[in-house]
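Heads up: the structure comes next, in C-alpha cells.
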Amino acid sequence: MIARNEGSTQHLPVELSWKQSLASAYSDPLELLDFLDIDPSLIALDNAPKFPFRVPREFALKMQAGDINDPLLRQVLPLAEELSSPSGYSHDPVAEAAFEMQPGLLQKYKKRALIIATGACAINCRYCFRRNFPYQQATGKDRWRKLVMMLKMNTDVEEIILSGGDPLLMDDAQLKELCDELGTITQLKRLRIHTRIPVTIPTRLTAGLQDLLTQTRLDVAFVIHSNHANEIDEALSSRLRALHRAGVNLFNQSVLLRAVNDDVAVLSELSEALFSANVIPYYLHLLDPVIGSAHFDLPLTEAKQLEQKLRANLPGYLVPTFVREIPHKDSKTPIIEI
Ligand SMILES: *Cc1c(COP(=O)(O)O)cnc(C)c1O
Ligand code: SF4
C-alpha cells in the first residue's frame, strides 16, 4: 500500500524532531517573506516589534506562497498597524493581574485554576492577549512545585488548566512529573491542557505525551487552538485521531480575527476540518483588546451575525460558542447575552 500523504511536511528534507523545529523557527519576518516569495516592500512592517517574531517552519509550510493576504501569515506578521493603540486597548485587557493568586497561578472562576506552565510559545501570534504577560516572575524553573503545594490546601479547585506560554514546551519527562504531582491532589478531578503547539509543530504529539495523558488518574481535556482550516493538515489530523482513539477528549478554541476567519465559509470549513480530526469546536473568542491587536477586531454586531449564519449553516455540535471575556464576570460571556 502506498504510504499516506503526510500533508505539507513532505516538503521538509527530513522530518525534524519537535525540538529541532523550535530551534529552527523563523525569527525574522523578512526571512519568512523571502521563503514565501513575497516582496517585503509591499507590506508596512513594524521593524522592531516589542513582541518578538517567531514562526516554526512547519507552520510556514501551510501558508500560500506569494499571497500577502494568507490567513496564517496575517496571524504572525508584525504590521506597522500594531503601533496604533485606540482607546479601550490596554496591556492587560482581561484583568489577569487581579486574579493572580501567586505568580503563575490564576483563579478567575469557581473550581478551575490556571497554571502558566511556561514563559514562551512555539509561535508568537500577534493578537495574543498575553503578549505582555510578566512571564519571568510567573514561570521560573520548577515554579509549579510551589503551586502544587498551594493547590493541595485549596479544596475548591477541581480542575487544573495548564496554559501558556505553551505547556507543551515542557518535554514529556517534565510534563509527566507535573501530571503525577497533580494526580496526588485529592480533590482534583480534571486536567485541561490548552496548547497551540499541535497546530504549529505536530510532531510534538509524541507517543510519550499520549501515554502520560492516558495514564493519569485525572479526566483529561486537551484543547488545541486553531483559527483556520489551512492549519489542519494530515500531519496534524492523523496525530489528533490517534490521541482520540487512545481516549483523550479533544476540543478547539479559536479567536475571531478580521481578515483571517471573519467569514461563514471559513469558519464552517474550520469546524468541519476539526470534526474530521475528532476535535469538537468549543469556543470562538472575540478579540481581547490588547494593545497592538486593533487591526484584528470586529464589531460585536458583525460577530453576532456571523454566529447566526454559522448556526444556520452547520449542525449545532459544530458551532462553537461565541464568547467575550468581560473582566470580573463569573464565566466567559456568550455574546448572545451582550
Ligand atoms: C478561560 C479561563 C478558564 C476556563 O474557562 P472555561 O469557561 O471553563 O473554559 C479558566 N481560568 C481562566 C483564568 C480563564 O481565563
Ligand atoms: S500560542 Fe497562544 S499564548 Fe502563545 S502567542 Fe499564540 S495566542 Fe499567545
Side-chain angles (χ1 to χ4, degrees), residues 22 25 49-56 59 72 74-78 82 92-102 104-133 135 138-139 147 151 156-169 189-201 204 219 221-228 231 249 251-257 260-261 280-288 290 292-293 296 320-334:
L22 274 180
K50 283 207 195 78
F51 183 48
F53 178 82
R54 191 210 274 263
V55 180
F59 194 72
L72 276 55
R74 194 171 159 84
Q75 293 177 57
V76 297
L77 213 53
E82 288 192 12
D92 181 12
V94 293
E96 290 205 315
F99 296 93
E100 208 166 1
M101 324 311 283
Q102 272 283 314
L105 183 68
L106 301 170
Q107 189 176 2
K108 271 192 178 169
Y109 307 129
K110 267 194 196 149
K111 301 186 185 176
R112 287 152 286 170
L114 184 152
I115 291 181
I116 301 286
T118 69
C121 293
I123 188 165
N124 282 350
C125 315
R126 307 318 297 180
Y127 54 83
C128 180
F129 72 94
R130 288 208 187 108
R131 52 186 280 167
N132 308 297
F133 194 87
Y135 281 122
T139 52
L147 303 184
L151 286 163
D156 173 52
V157 175
E158 295 180 353
E159 175 170 339
I160 285 296
I161 299 170
L162 301 181
S163 182
D166 205 301
L168 293 194
L169 281 188
K189 295 178 180 163
R190 287 178 303 278
L191 170 66
R192 190 186 330 177
I193 295 184
H194 275 261
T195 172
R196 188 150 158 79
I197 290 197
V199 165
T200 52
I201 305 179
R204 177 65 191 90
D219 294 329
F222 192 82
V223 188
I224 66 165
H225 287 206
S226 176
N227 298 319
H228 196 286
E231 295 173 358
N249 304 294
F251 302 93
N252 181 66
Q253 179 169 303
S254 315
V255 182
L256 182 59
L257 301 166
V260 172
N261 59 11
I280 301 291
Y282 175 41
Y283 279 152
L284 190 144
H285 279 262
L286 268 61
L287 185 78
D288 296 312
V290 67
S293 70
F296 288 114
T321 307
F322 285 47
V323 291
R324 164 157 275 170
E325 178 142 0
I326 301 177
H328 308 286
K329 293 268 185 187
D330 55 16
S331 72
K332 314 277 189 229
T333 309

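Atoms within a ligand are numbered from 1 in the order they appear, just like the ligands themselves.
- When hydrogens are left out, the protein atom nearest atom 7 (O) of ligand 1 is Tyr283 OH, 2.6 Å; that is the closest non-hydrogen contact.
- Looking at atom 9 (O) of ligand 1, its nearest protein heavy atom turns out to be Tyr282 OH, 2.6 Å.
- Applying side-chain contact (heavy atoms from CB on, under 4.5 Å) to Gln75 and the options Val55, Ile123, Val260 leaves one that passes, Val260.
- One N or O on the side chain of Thr118 and one on the backbone of Asp166 form a donor-acceptor pair closer than 3.5 Å.
- Within the 4.0 Å heavy-atom criterion, neither part of Val94 lies near ligand 1.
- For atom 4 (Fe) of ligand 2, the nearest protein heavy atom lies closer than 4.0 Å.
- Listed for the Asp92 side chain is a donor-acceptor partner under 3.5 Å among the backbone atoms of Ala97.
- The side-chain contact (heavy atoms from CB on, under 4.5 Å) test with Ile161 singles out one residue from Gln107, Arg190, Arg112, and that residue is Arg112.
- Taking atom 12 (C) of ligand 1 as the reference point, the nearest protein heavy-atom neighbour is Leu114 CD1, 3.7 Å.
- In summary, the atoms of ligand 1 found under 4.0 Å from a heavy atom of Ile161, numbered by their order in the structure, are 3 (C), 4 (C), 10 (C).
- Of the heavy atoms in Arg192, only side-chain atoms (C-beta onward) come closer than 4.0 Å to ligand 1.
- Among protein heavy atoms, the minimum distance from atom 8 (O) of ligand 1 is reached at Arg112 NH1, 2.6 Å.
- Taking 2.8 Å as the threshold, His225 does not count as a candidate ligand of atom 4 (Fe) of ligand 2, since none of its N, O or S atoms lies below it.
- Against a heavy-atom cut-off of under 4.0 Å, Lys332 is close to the following atoms of ligand 1: 1 (C), 2 (C), 3 (C), 5 (O), 7 (O), 14 (C), 15 (O).
- For ligand 2, the atoms lying closer than 4.0 Å to a non-hydrogen atom of Arg196 are 1 (S).
- Asn124 is not listed as a side-chain neighbour of Pro78, based on a closest heavy-atom distance of 4.5 Å or more.
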Q.
Go through it in stages, so that I can follow the logic: the residues are Tyr283 and His225, the test is ring-ring contact (aromatic ring centres under 6.0 Å, His included), and I'd like the CA-CA distance, side-chain angles, deciding distance and then a yes or no.
A. CA-CA 10 Å; Tyr283 279 152; His225 287 206; over 10 Å; no
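- Annotation for ligand 2: atoms under 4.0 Å from non-hydrogen atoms of Cys128 are 3 (S), 5 (S), 7 (S), 8 (Fe).
- Between Tyr127 and Phe296, the ring planes are perpendicular. Angles over 60° get that label, and only those under 30° would be called parallel.
- Remark: side-chain polar atoms of Thr195 are not paired, donor with acceptor, to backbone N or O of Ile224 under 3.5 angstrom.
- Put simply, the side chain of Arg126 gets close to the backbone of Phe51: a donor and an acceptor are under 3.5 Å apart.
- Each of the atoms 1 (S), 3 (S), 4 (Fe), 5 (S) of ligand 2 lies under 4.0 Å from some heavy atom of Cys121.
- Using a 3.5 Å distance cut-off with no hydrogens or angles, the side chains of Arg130 and Ser163 do pair a donor with an acceptor.
- With a 4.0 Å heavy-atom cut-off, ligand 1 is reached by the side chain of Tyr109 but not by its N, CA, C or O.
- Metal site remark for atom 6 (Fe) of ligand 2: Cys125 contributes an N, O or S atom at a distance under 2.8 Å.
- Within the 4.0 Å heavy-atom cutoff, Ile123 counts among the residues contacting ligand 2.
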